[in-house]
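All remarks here apply to the structure that follows.
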Amino acid sequence: MADPSTKAEGAFRTIGEVAAELGLPQHILRYWETRFPQLRPLQRAGNRRYYRPADVALARRIDRLLNQEGYTMRGVQKLLAQGGGAEAPKPSPAPVVAEAAPAASADVETLIAIRDRLIDALAEDDRAHI
């Protein structure tokens, strides 16, 4: 089997190459395909799977969420459904217009802090209940 590091960055990967890169058995990747509709590698003759770079990135994200961050399958499914399969970064604070009154700026900062606490609390709640 070819070493994945010798392939071009945009090259398709086989299931064996992706499994080796993530340190997972191939059957886990096949199982994830049944649980996460966003993970759909190309399938050619003989059901041979070819993972596009976006598929590899998604598999890497699923692996990180399940095996490093402690999410359950259902929790990861919810996160992916909300984020559309792409990396879902924390929303950035809204830009404050330079001419805005200091009180409005303070209100915006307070609201941003509240929003960030709510995001963290919801993420914790997802991990606790799922």
Side-chain angles (χ1 to χ4, degrees):
M1 175 178 352
D3 180 15
S5 63
T6 61
K7 283 191 169 183
E9 190 167 321
F12 288 13
R13 307 268 191 259
T14 64
I15 192 168
E17 291 168 338
V18 176
E21 182 179 328
L22 297 177
L24 297 168
Q26 293 179 21
H27 73 269
I28 296 294
L29 291 170
R30 286 188 211 96
Y31 175 70
W32 287 354
E33 291 172 23
T34 68
R35 307 306 297 167
F36 303 106
Q38 301 88 346
L39 185 59
R40 287 286 171 248
L42 296 175
Q43 287 192 334
R44 300 293 167 129
N47 286 331
R48 188 163 171 87
R49 289 164 170 80
Y50 291 96
Y51 287 78
R52 297 167 288 234
D55 297 320
V56 176
L58 179 57
R60 192 176 296 117
R61 181 171 186 225
I62 292 169
D63 180 47
R64 179 178 44 83
L65 290 169
L66 287 172
N67 298 320
Q68 294 173 8
E69 295 187 21
Y71 281 84
T72 62
M73 292 292 275
R74 185 170 288 161
V76 175
Q77 288 169 337
K78 283 185 179 182
L79 281 175
L80 294 179
Q82 293 168 352
E87 194 67 38
K90 213 178 211 183
S92 59
V96 179
V97 177
E99 299 86 34
S105 178
D107 289 343
V108 169
E109 289 175 10
T110 301
L111 290 172
I112 289 170
I114 291 169
R115 179 199 63 196
D116 290 344
R117 287 195 307 257
L118 285 170
I119 289 169
D120 292 341
L122 288 171
E124 256 180 49
D125 189 50
D126 278 347
R127 284 184 228 141
H129 288 96
I130 299 173

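Below, all heavy atoms of this structure are taken into account, side chains as well, without hydrogens, waters or symmetry copies.
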- Does R117 reach the side chain of I114, with side-chain heavy atoms less than 4.5 Å apart? yes
Worksheet item: Can you find a pair of side-chain heavy atoms, one from L66 and one from W32, that are under 4.5 Å apart?
Response: yes
Across all chains, not counting sequence neighbours, the side chain to side chain contact (heavy atoms under 4.5 Å, CB included) partners of Y50 are F12, T14, L42, R44, R48
| task | Answer whether the closest heavy-atom distance between the side chains of M73 and Y31 falls below 4.5 Å. | result | yes
For the pair R52 and D55, find out whether any cationic side-chain nitrogen is under 4.0 Å from an anionic carboxylate oxygen. yes
Between the CD1 atom in I62 and the CZ atom in R35, the distance rounded to the nearest 0.5 Å is 11.5 Å
Value for CG (L29) from NE2 (H27), rounded to nearest 0.5 Å, stands at 9.5 Å
Closest non-hydrogen atoms of V56 and V18, given as atom of the first, atom of the second and distance, are CG2-CG2, 3.8 Å
So OH of Y51 and CD of E21: to nearest 0.5 Å the spacing works out to 12.0 Å
Value for CG (L79) from CZ (R74), rounded to nearest 0.5 Å, stands at 13.5 Å
- Query: Would you call N67 and L24 a side-chain contact if the rule is heavy atoms closer than 4.5 Å?
  - Reply: yes
Minimal heavy-atom distance between L22 and D63, with the atoms involved, is O-OD2, 4.1 Å
Value for CG (D116) from CD1 (I119), rounded to nearest 0.5 Å, stands at 5.5 Å
Distance col, row L39:CG vs L80:CG, nearest 0.5 angstrom, shows 9.0 Å
Looking only at heavy atoms, the pair that brings P53 and G10 closest together is CG-O, 3.5 Å
Q | Close side-chain approach of E33 to Q43, heavy-atom, < 4.5 Å | A | yes
query: Quick one: does K7's side chain get under 4.5 Å of E17's, heavy atoms only?
result: yes
Taking every heavy atom of Q26 against every heavy atom of A19, the minimum-distance pair comes out as CG-CB, 3.8 Å
